Undergrad: 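Below you'll find the structure I mean.
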Amino acid sequence: MILVVGHKNPDSDSICSALVATELLRARGEEATPIRQGEINRETQHILEVAGAELPELRTSVAGEKIWLVDYSDLAQAPDDVAEAQILGIVDHHRLGDVMTVNPMEAWIWPVGCTNTVLFNMFKIEGHAISPTIAKLMMSAILSDTVGFASPTCTQKDKDAVEELATIAGVNDVDAFIKDLLIAKTNIEGLSAAELVEKDLKGYPFNGRDVVVGQVELATLEQVDGMIDALEADLTSRCEEQNLAFAAVMLTDITTAQTRLLYKGEWAEKLTKHEKDGMLMMENTLSRKKQGWPWLQAELV
Ligand SMILES: [Mn+2]
């Protein structure tokens, strides 16, 4: 049995990738099961409902198991006991991380907008049939990761994949499909400051210290107007409790690509020079991976 596991703090791509890669392995004649390392967000819940797919089982230990990693290759995002598992494969679209394997393994890492774009091409290369449910999972993940094709991470391969997948899925109106997805993605009603910071929080080892950067995608920055103090207080206590050098959250208006950065920690003073009227605004910034984190790395050195 192969366990297919996405990253910690799973986003939609991470969950859909686990489900889709499991189908690919089964099509190859392997026994496989998708698992997840955490609770899913509202967008993912919406996607699973639309696709009619089952939520992967919550499981955070993989010691002694054969596993595939989907949507990451960093130790920090893997199950804590990943060193005791046998990694057989990786499908990803991020920079190559620091996981190590004992034996040779299969790696599919492409510079595209979404892991599901790589998986879609694997299905095609290997000639496996794609069911409407799997097609919906794949196209939803691609549209989520690329923010409806608007993200700078989006490539022609992502667009081509969605075009083919929409036909298989029987989705005639892709724009309406994107709109429903974005409504579910930006629904933060009733979430606490801590829940917002944790919604899509990634940990990065940097210069010998630990840093976390979260991102909240919004339809308008006004959605978090009353929560700035609480969000900053959460970042501060997170730094203290986890000995982080820096904790930040990108508040991104996905309709204008404008991001407000909230940040705290020992290294926070390195960024204050970029503030205007007490706010650090990052214009034209949708992607943490391609824009937010690279900029922060240069500033935090
Ligand atoms: Mn992804």
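Note that ligands are numbered from 1 as they come in the structure, with each ligand's atoms numbered from 1 the same way. Small disclaimer: the values here were computed from a predicted structure and weren't measured. One-based numbering along the sequence shown.
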Undergrad: Thinking salt bridges, do D253 and R260 make one under a 4.0 Å N-O criterion?
TA: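 Answer for the salt bridge query: no.
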
Undergrad: Any side-chain hydrogen bond (donor to acceptor under 3.5 Å, both in side chains) pairs touching residues 219-234, not counting sequence neighbours?
TA: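 Output for this query lists D234-R238.
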
Undergrad: Kindly say whether the aromatic ring centers of H274 and W295 come within a distance under 6.0 Å.
TA: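 Yes; W295 has its ring centre under 6.0 Å from that of H274.
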
Undergrad: So, at under 2.8 Å, which protein N, O or S atoms would a careful student list around the Mn ion (ligand 1)?
TA: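 Result, waters dropped: D13 OD2, D71 OD1, H93 NE2, D145 OD2.
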
Undergrad: Can you name the side chain to side chain donor-acceptor pair (under 3.5 Å) partners of D180, sequence neighbours left out?
TA: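 So D180 forms no side chain to side chain donor-acceptor pair (under 3.5 Å) with any residue.
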
Undergrad: Quickly, which of T117, D158, D71, N116 forms a side chain to side chain donor-acceptor pair (under 3.5 Å) with H93? Name it, please.
TA: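 Result for side chain to side chain donor-acceptor pair (under 3.5 Å) with H93: D71.
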
Undergrad: In chain order, what residues pass the side chain to side chain donor-acceptor pair (under 3.5 Å) check against E30, with sequence neighbours excluded?
TA: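 So E30 forms no side chain to side chain donor-acceptor pair (under 3.5 Å) with any residue.
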
